[in-house]
Amino acid sequence: MSAQIKTATEEQAKGGSTFIPVEPFDIIVFGGTGDLSRRKLLPSLYHRYCDGQIPDDSRIIGVSRSKLDRVGFRDLAKKSYLEFSGKDNYSQDCWSSFEEHMDYVPIDVLAEDANWAGLTKALPQDDERIRIFYLAMPPRMFADVCAGLKKAGLVTPNSRVVLEKPIGTDYHSALEINEGVGRVFDEDRIYRIDHYLGKETVQNLLVLRFGNILLEPLWNNRAIDHIQITAAESIGVGGRGSYYDGAGVLRDMVQNHILQLLCLTTMEAPASLSADDVRTEKIKVLRALKILTPETVATHSIRGQYARGQVDGEAVADYLTDVGVEQSHTETYVAIKAEIENWRWAGIPIYLRSGKRMSERFSEIVIQFKPVPHSVFGEDTRLDANRLVIRLQPDEAVRLWLEIKEPGAGGLRLKTLPLNLTYADNFTVRYPDAYERLLMDVVRGRLSLFMRRDEVETAWKWIDAIHEAWKKSGQRVELYPSGEDGPRQADDMLAKDGRSWSKQ
Ligand code: BG6
């Protein structure tokens with residue numbers, strides 16, 4: 001019995017994956033030759049096709065301005081797969097049959113004479129079939145593309161649209177986009193993607209919180225001292241400088257990924273996992289976030305930009321060189337001391353941080369519990385408070401740090417050790433990329449892992465206030481050497497509260 005509890009069952013070890021085929025569908029990927037499509041979307045569809053989940057009469061149609069034909073698109077997709085995804089999951093046989101489903105239509109979507117007719121011709125005329133328009137393109141084009149689709153009669157009753165983040169650059173642009181898209185698609189046909197919600201460990205947050213009785217009674221400001229949410233990256237801005245310099249990490253990572261993690265960590269238990277039940281709980285958290293003002297922003301946020309340095313033993317350039325500009329106030333790092341003004345969380349800080357060119361890539365959520373109210377072990381015995389670390393990536397794990405007695409002679413010595421639930425030790429399944437699950441959810445019509453309109457808009461209001469406060473107060477962008485974990489001032493912000501960033 002105990003052996004069964006300690007080790008994963010055979011079924012778990014395989015990951016228990018079963019692939020239930022979805023209904024046949026047609027997916028039209030706008031921005032089909034772009035980075036996202038080549039790195040994530042086409043590989044994800046290929047994996048699920050090889051897993052037997054995508055029926056044979058489904059179609060994948062790439063759309064972009066490039067003057068390619070079907071064969072050119074297939075070649076590009078294969079070359080990109082091998083370049084970005086490697087050979088581990090590649091099979092020539094499977095690819096050959098997968099690419100039979102791929103087609104390509106060149107369209108300059110914003111041109112007067114856009115070739116919508118070419119797309120109509122490439123699609124089966126069947127109102128019942130699932131039709132997915134995936135807009136992997138700059139958000140300012142979303143509304144126009146949707147209007148074009150409608151005018152061309154391409155929006156069938158069973159059509160849905162997928163919008164890549166970021167939805168806009170602030171509250172007003174998001175509103176405009178949502179309204180434009182909403183003129184063509186009803187809200188329950190709009191899938192606003194945040195790929196963090198498709199990550200295994202992010203979904204595990206829901207299971208951990210609501211599938212175990214142990215945590216819930218302690219999940220509040222009486223037992224928890226503070227929470228930290230980190231999404232650190234070691235990469236720089238790469239070839240995305242022109243987008244990134246207008247965005248910065250606050251828009252690129254915090255408005256979406258980090259706030260979604262914050263919501264899942266702190267929301268109340270939803271009545272069910274239905275889309276509206278989950279999203280209704282998330283929006284309550286976003287609405288309860290305390291707004292930062294020009295008076296509070298300096299003590300509650302640090303903005304940074306990477307300078308030259310060393311990452312993984314290699315010298316790397318500064319942000320300005322990467323982007324090719326002489327001056328920029330764009331932040332590539334941010335740390336924020338957030339507060340949720342509700343009964344469960346009032347009074348405890350939630351530290352958020354994200355940055356590029358940090359020492360390593362890791363995302364984790366740390367729940368730091370309060371110390372025991374009184375130590376019976378005497379003043380000389382060090383007693384660490386409990387900590388729950390949810391490691392989202394890489395090395396997915398859940399670790400609960402506890403105090404135990406160190407065995408052996410020599411008096412009562414305490415040690416802090418983790419109950420360690422490492423995914424790699426318990427599951428041998430291939431971790432699907434977040435996009436795989438999300439794409440299949442779009443086909444199935446499941447909206448729970450996508451953002452509702454009001455979530456996106458409310459998140460922007462909170463982010464806009466920070467931008468505004470930075471502008472009004474003239475808060476500096478602090479430089480930090482690449483390869484270090486952000487500016488020193490971010491450490492100082494926690495030190496002033498008697499705390500420090502957790503790192504395993
Ligand atoms: C994207 C951001 O949404 O997420 C990128 O635009 C960032 O700047 C990426 O690098 C991080 O995703 P992941 O899955 O690697 O943590």
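Each ligand, and each atom within it, is numbered from 1 in the order the structure gives.
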Side-chain H-bond candidate by donor/acceptor type, D245 with Y319, under 3.5 Å: yes
Closest protein heavy atom (residue, atom, distance) for atom 15 (O) of ligand 1: R361 NH2, 3.2 Å
Spacing of H47 atom NE2 and Y81 atom OH [to the nearest 0.5 Å]: 2.5 Å
Contacting atoms of ligand 1, where contact means under 4.0 angstrom from a heavy atom of K356: 5 (C), 7 (C), 8 (O), 10 (O)
Under 3.5 Å side-chain donor-acceptor pair for Y134 and E164: yes
Identity and distance of the protein heavy atom lying nearest atom 6 (O) of ligand 1: D252 OD1, 2.7 Å
Y243 and D252 side chains, donor-acceptor separation under 3.5 Å: yes
Residues E364, S502; criterion side-chain contact (heavy atoms from CB on, under 4.5 Å); working and verdict: CA-CA 10 Å; E364 64 185 25; S502 148; 4.0 Å; yes
Residue R476 excluded, over 12 heavy atoms near CZ under 6.0 Å: no
Ligand 1 atoms in contact with K165 (distance to a heavy atom under 4.0 Å): 1 (C), 2 (C), 3 (O), 6 (O)
Contact with ligand 1 for Y196, non-hydrogen, under 4.0 angstrom: yes
Sub-4.0 Å atoms of ligand 1 with respect to non-hydrogen atoms of H257: 1 (C), 3 (O), 4 (O)
Atom indices of ligand 1, in the order listed, that fall short of 4.0 Å to a heavy atom of E233: 7 (C), 9 (C), 10 (O), 11 (C)
Per-atom contacts, ligand 1 versus H195 - under 4.0 Å to a heavy atom: 1 (C), 3 (O), 4 (O), 12 (O), 13 (P), 14 (O)
K199, H195, K40 screened by side-chain hydrogen bond (donor to acceptor under 3.5 Å, both in side chains) with D433, the one that passes: K40
Atoms in ligand 1 flagged as close to K199, the criterion being non-hydrogen separation under 4.0 Å: 13 (P), 14 (O), 16 (O)
